Amino acid sequence: VKITVNDEIHQFDTMELKLTEVLDKLNIPSNGIVVDIDGNIYNSNNFNEVTVKDGAKLELLRIVGGG
Amino acid sequence: MSDILKLGNREFNSRLFIGTGKFPSVESLRDSINESGSEVVTVALRRVNLNNPDEGIISAIDRSKQLLLPNTSGARDAKEAVRLAKLSQAAGCGNWVKLEVTPEPRYLLPDPIETLKAAKELVKEGFVVLPYINADPILAKHLEEVGCAAVMPLGSPIGTNKGLKTLDSVRIIIEQSNVPVVVDAGLGAPSHASLAMEIGADAVLVNTAIAVAKDPAAMAKAFAEGAIAGRRAYLAGLGSESSYAVASSPEMNIKL
């Protein structure tokens, strides 16, 4: 699959993969992360259930300091 | 002194809210929150840096003591603000939100029309909404009417440290408001926080002035004390102003 993560294109050698696997492969700890995939919002409670398909656009966000 | 701030369905002892941006380190932020005694801390939501994913800021916040208040900074219209609020909620921030819609970067002034629009929608979705606004008393009333838990008028533009330049308008907002008024943005010195509290603000929110101080934790404490002094003065009842001198020593029996 070829997917876009925060505007970067990433390619993996499988037909599809779980969101958990995407984060693992990118070395991103899932704690506190929220993911928007084509307008749907997911958090660590359901990363395991979400399948990422070819062409998906992912936006990974997290809490940072702010006023 | 028992003087509880009731906001939404929560009660707070501290009237100093702290923003968590721009601190030199996570340790410095943690020390500042502790020194200030603050019970409300704001955070933002940003894209993960894929090369350096963990910022670790959350570890500075003790959620048994501090309410996490995510902002919608970066939103340029109502739609983006609502999306950011929902993403923050999914990220584990609960249902409170500091609504912030700032379409232009030079002054970061809030867009009143988009803010009202987003506030209506977020209240309907069950959020506790605290909107960041210019010091506009009519807008403040509109936001109260659509169900916002507080209004947060600015003292001066974000990060400018200029203080309470909107003093007269904030006074009107305080006079008319049935929800807490939190003076937010631009407070650059403890005396500014004190002034806001003296005129009857319910709380103040400070970030930059603390974060960029040489000693942030000490400055956090100074702001906390400024806010307390101002609050006590407000409750004690300030004397009225006069154009002419009013002798404080007796004027009778002066014969020398």
Side-chain angles (χ1 to χ4, degrees), chain A, chain B residues 17-26 28-29 32 41-61 68-74 83-93 98 100 108 132 152 158-159 184-187 205-211:
Chain A
V1 297
K2 198 169 167 184
I3 60 172
T4 310
V5 183
N6 290 358
D7 292 336
E8 285 179 17
I9 292 170
H10 291 265
Q11 209 154 357
F12 302 105
D13 256 353
T14 54
M15 292 299 284
E16 56 177 39
L17 67 176
K18 294 285 180 199
L19 185 48
T20 326
E21 295 172 292
V22 175
L23 296 177
D24 280 350
K25 284 175 192 293
L26 296 173
N27 286 318
I28 294 167
S30 65
N31 195 18
I33 299 263
V34 60
V35 182
D36 182 330
I37 305 180
D38 301 319
N40 297 306
I41 298 172
Y42 305 100
N43 62 22
S44 52
N45 294 333
N46 43 33
F47 285 167
N48 240 332
E49 301 147 24
V50 181
T51 303
V52 181
K53 295 190 173 135
D54 190 49
K57 271 193 170 170
L58 281 67
E59 191 175 6
L60 273 54
L61 301 117
R62 71 151 55 251
I63 297 298
V64 298
Chain B
F17 300 178
I18 286 198
T20 58
K22 298 191 276 200
F23 278 82
S25 68
V26 174
S28 158
L29 170 60
S32 299
V41 293
T42 64
V43 292
L45 197 68
R46 288 292 179 272
R47 279 184 164 194
V48 174
N49 178 352
L50 299 182
N51 301 314
N52 179 21
D54 195 4
E55 270 214 19
I57 180 180
I58 282 293
S59 68
I61 299 162
L68 207 52
L69 180 61
N71 67 32
T72 62
S73 67
R83 175 172 178 265
L84 278 167
K86 288 180 180 171
L87 283 162
S88 297
Q89 189 178 33
C93 286
K98 175 185 157 182
E100 196 175 335
L108 289 173
Y132 167 63
M152 305 183 74
I158 294 170
D184 179 12
L187 302 181
L205 196 161
V206 181
N207 185 349
T208 300
I210 294 173

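These numbers come from a predicted model, not from an experiment. Just so it is clear: chains get the letters A, B, ... in the order the sequence lines come, proteins before strands, and each one is counted from 1.
With a threshold of 4.5 angstrom between heavy atoms, B/K22 does not approach chain A through any atom at all. Neither the backbone nor the side chain of A/N46 has a heavy atom closer than 4.5 Å to any heavy atom of chain B.
Heavy atoms of other residues, nucleotides or ligands lying less than 6.0 angstrom from NZ of A/K18 number more than 12.
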Step-by-step side chain to side chain contact (heavy atoms under 4.5 Å, CB included) determination, A/L61 to B/R46: CA-CA 5 Å; A/L61 301 117; B/R46 288 292 179 272; 5.8 Å; no
Does the side chain to side chain contact (heavy atoms under 4.5 Å, CB included) test come out yes or no for B/L50 and A/H10, once each step is laid out? CA-CA 12 Å; B/L50 299 182; A/H10 291 265; 3.8 Å; yes
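In this structure a side-chain-to-backbone donor-acceptor pair under 3.5 Å is present from A/N43 to B/A90.
In this structure, B/A44 and A/G65 approach most closely via the heavy-atom pair CB-O, 4.0 Å. Residues A/I63 and B/C93 approach most closely at CD1-SG, 3.3 Å, considering heavy atoms. What you find for B/N71 and A/G67 is that their closest heavy atoms are ND2-O, 2.6 Å.
Considering only heavy-atom pairs separated by less than 4.5 Å from chain A, the leading option among B/N207, B/V41, B/L87 is B/L87.
Counting heavy atoms from C-beta outward, B/R83 and A/D36 have side chains that approach closer than 4.5 Å. In this structure, B/R47 and A/L60 have side chains that are not in contact, with every pair of non-hydrogen atoms separated by 4.5 Å or more. Residues A/N6 and B/N49 fail the side-chain proximity criterion, which asks for heavy atoms closer than 4.5 Å.
Just one of A/V35, A/I33, A/V64 meets the side chain to side chain contact (heavy atoms under 4.5 Å, CB included) condition when paired with B/V48; it is A/I33.
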